[in-house]
Undergrad: 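Here's a structure for you.
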Amino acid sequence: MIFLRTCTSKANLLLIFGLAGYVAAVPSPAAAHPHIFVDAKFEAVADADGNLVEVRDVWHFDEVFSSSVLLDFDKNANLKLEPAELDAVAKTVRGSLAQYNYYTNITINGKPVALAKPEVFHAAYEDGSLILSFSQRPAQKTALKGLVVFGVYDPTLYTALDFAKDSDLKTSGEGFGRCKRKVVRPDSKEILAENQAMLTSLFFNDPSGTSYSQLVATRLEVRC
């Protein structure tokens with residue numbers, strides 16, 4: 001499997017063999033589109049005591065993919081998604097992406113942070129675009145000490161997610177006031193060239209490609 005990364009003015013979800021999770025859970029018309037583009041935004045929130053309290057994601061999908069979702073979920077065929085139909089979209093995505101941790105990956109000093117499932121998963125349809133938004137809380141109290149790394153990516157390599165602007169990866173809350181942050185955008189071609197032997201071994205030992213995803217994904221690094 002070859003990981004592909006596309007440069008575009010929008011954050012993008014690039015399908016290789018199908019969008020992991022969501023497309024696998026909906027009828028075939030959605031799966032027929034090989035490329036899906038989405039304006040993605042991420043925000044991490046800390047309290048005044050320096051604890052991570054919530055992470056938030058908002059994904060605006062492109063009109064082509066959104067129209068396929070409309071066809072799949074518009075049960076009364078009135079060419080719009082009503083509240084009950086949007087609830088069905090949200091329920092489908094919430095269930096199918098659970099096995100991928102909603103593409104949200106956080107480590108503190110190299111140790112992964114467990115997140116609870118989103119209590120609320122919201123879907124909207126505006127100006128021809130499907131919008132998904134959700135938030136997650138740490139499964140236990142999580143102090144922001146040392147190097148905190150936030151990444152939003154598909155560990156199986158089925159989906160490449162990137163962010164158009166550094167400001168699309170945000171931190172908010174008093175607890176981040178004492179921290180320094182930077183957005184890291186690895187060069188996937190350089191990583192592949194420098195680590196070819198290691199990555200080949202990783203692929204055959206772990207066909208899901210988890211380690212490679214971590215290497216090439218855009219990430220937000222915060223040092224507190």
Side-chain angles (χ1 to χ4, degrees), residues 11 13 19-26 30 36 38-61 65-66 69-70 72-75 80-108 111-126 129-145 148-156 158-159 161 163 167-177 179 181 210 213 217-220 222 224:
L13 293 173
L19 177 59
Y22 174 63
V23 170
V26 300
I36 295 176
V38 56
D39 281 317
K41 304 199 184 306
F42 173 84
E43 181 178 6
V45 184
D47 63 18
D49 295 324
N51 298 307
L52 179 67
V53 295
E54 189 175 62
V55 292
R56 301 166 180 168
D57 287 273
V58 181
W59 300 341
H60 290 245
F61 288 84
F65 179 71
S66 297
V69 175
L70 174 65
D72 291 334
F73 287 88
D74 180 20
K75 300 306 180 183
K80 62 181 181 180
L81 291 176
E82 297 175 342
E85 294 164 341
L86 287 168
D87 286 346
V89 174
K91 182 178 180 181
T92 298
V93 179
R94 182 178 184 272
S96 61
L97 286 186
Q99 62 184 313
Y100 304 102
N101 297 319
Y102 304 93
Y103 296 165
T104 305
N105 301 271
I106 305 171
T107 61
I108 297 181
K111 296 181 179 180
V113 174
L115 297 172
K117 291 182 179 181
E119 294 181 4
V120 177
F121 204 109
H122 182 70
Y125 199 90
E126 299 176 4
S129 176
L130 173 67
I131 304 169
L132 299 177
S133 57
F134 59 96
S135 61
Q136 294 173 268
R137 294 180 178 273
Q140 59 187 18
K141 187 175 181 179
T142 302
L144 297 167
K145 294 181 179 179
V148 187
V149 180
F150 300 95
V152 184
Y153 58 86
D154 170 17
T156 67
Y158 284 109
T159 304
L161 191 149
F163 294 83
S167 58
D168 290 336
L169 289 154
K170 296 176 56 178
T171 55
S172 62
E174 291 183 44
F176 280 115
C179 307
R181 53 159 282 159
T210 300
S213 295
T218 296
R219 62 187 183 270
L220 171 63
V222 181
C224 302

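The first residue of the sequence shown is numbered 1, and numbering continues consecutively from there.
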Undergrad: Can you name the nearest heavy-atom pair linking P138 to V113, along with the distance?
TA: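 Heavy atoms of P138 and V113 come nearest at CB-CG1, 4.5 Å.
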Undergrad: Taking the six-membered ring for Trp, are F42 and F163 closer than 6.0 Å centroid to centroid?
TA: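 No, too far apart.
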Undergrad: Hey, does the side chain of S135 reach the backbone of V55 with a donor-acceptor pair shorter than 3.5 angstrom?
TA: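 No, S135 side chain to V55 backbone: no donor-acceptor pair under 3.5 Å.
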Undergrad: Just jot down the ring-ring contact (aromatic ring centres under 6.0 Å, His included) partners of Y102, sequence neighbours excluded, or say none.
TA: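 Residues passing ring-ring contact (aromatic ring centres under 6.0 Å, His included) with Y102: F134.
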Undergrad: Indicate yes or no for a side-chain donor-acceptor contact from Q136 to the backbone of P118 under 3.5 Å, with no hydrogens or angles considered.
TA: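 Pair absent, no side-chain N/O of Q136 close to backbone of P118.
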Undergrad: Excluding sequence neighbours, so at least two apart, what forms salt bridge (charged side-chain N to carboxylate O under 4.0 Å, His left out) with R56?
TA: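 Checked R56 against salt bridge (charged side-chain N to carboxylate O under 4.0 Å, His left out); matches are E43, E54.
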Undergrad: Can you name the nearest heavy-atom pair linking K41 to D168, along with the distance?
TA: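 Nearest heavy atoms, K41 then D168: NZ-OD1, 3.0 Å.
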Undergrad: I'd like to check the ring-ring contact (aromatic ring centres under 6.0 Å, His included) partners of F176; sequence neighbours left out, ordered by chain and number.
TA: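 For F176 there are no ring-ring contact (aromatic ring centres under 6.0 Å, His included) partners, ignoring immediate neighbours.
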Undergrad: Residues in side-chain hydrogen bond (donor to acceptor under 3.5 Å, both in side chains) with R94, at least two apart?
TA: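 R94 satisfies side-chain hydrogen bond (donor to acceptor under 3.5 Å, both in side chains) with no other residue.
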Undergrad: Mind checking side chain to side chain contact (heavy atoms under 4.5 Å, CB included) for N101 and listing every partner two or more places apart, or none if nothing turns up?
TA: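 Applying side chain to side chain contact (heavy atoms under 4.5 Å, CB included) to N101 gives none.
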Undergrad: Judged by atom type as modelled, is there a donor-acceptor pair below 3.5 Å linking the side chain of D49 to the main-chain atoms of N51?
TA: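 Answer holds: no.
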Undergrad: Among residues at least two apart in sequence or on other chains, which ones pass side chain to side chain contact (heavy atoms under 4.5 Å, CB included) with V58?
TA: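 Listed in chain order: H60, I131, S133.
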Undergrad: For E85, check salt bridge (charged side-chain N to carboxylate O under 4.0 Å, His left out) against everything at least two apart and list the hits.
TA: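 So E85 forms no salt bridge (charged side-chain N to carboxylate O under 4.0 Å, His left out) with any residue.
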Undergrad: Kindly give the heavy-atom pair with the smallest separation between L81 and D74, and that separation in Å.
TA: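 That would be CD2-N, 3.9 Å.
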Undergrad: Please evaluate residues V222 and L144 with respect to the criterion side-chain contact (heavy atoms from CB on, under 4.5 Å), reporting the C-alpha separation (whole Å), side-chain torsions for both, the decisive distance (0.1 Å), and the verdict.
TA: CA-CA 9 Å; V222 181; L144 297 167; over 6 Å; no
Undergrad: Output all residues satisfying side chain to side chain contact (heavy atoms under 4.5 Å, CB included) with K145, sequence neighbours left out; order by chain, then residue number.
TA: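 Applying side chain to side chain contact (heavy atoms under 4.5 Å, CB included) to K145 gives A143.
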Undergrad: Got W59 and Y103 here, is their nearest side-chain heavy-atom distance under 4.5 Å?
TA: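 Contact flag for W59/Y103 side chains = yes.
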Undergrad: Do the side chains of T142 and I106 get nearer than 4.5 Å, heavy atoms only?
TA: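 Side chain of I106 against side chain of T142, heavy atoms only: no contact under 4.5 Å found.
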Undergrad: E174: which residues meet the side-chain hydrogen bond (donor to acceptor under 3.5 Å, both in side chains) condition with it, sequence neighbours left out?
TA: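 Applying side-chain hydrogen bond (donor to acceptor under 3.5 Å, both in side chains) to E174 gives none.
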Undergrad: Looking at CG of L132 and NE2 of H122, how far apart are the two atoms once the value is rounded to the nearest 0.5 Å?
TA: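 Rounded to the nearest 0.5 Å, the CG-NE2 separation comes out at 9.5 Å.
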Undergrad: What heavy-atom pair brings F73 and V89 nearest, and what distance separates the two atoms?
TA: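 Closest approach of F73 to V89, heavy atoms only: CG-CG2, 3.5 Å.
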Undergrad: Heavy atoms, side chains only, cut-off 4.5 Å: are F150 and L52 in contact?
TA: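 Contact flag for F150/L52 side chains = yes.
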Undergrad: What distance do L86 atom CG and L130 atom CG have between them, rounded to the nearest 0.5 Å?
TA: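 Taking CG in L86 and CG in L130, the distance rounds to 8.0 Å.
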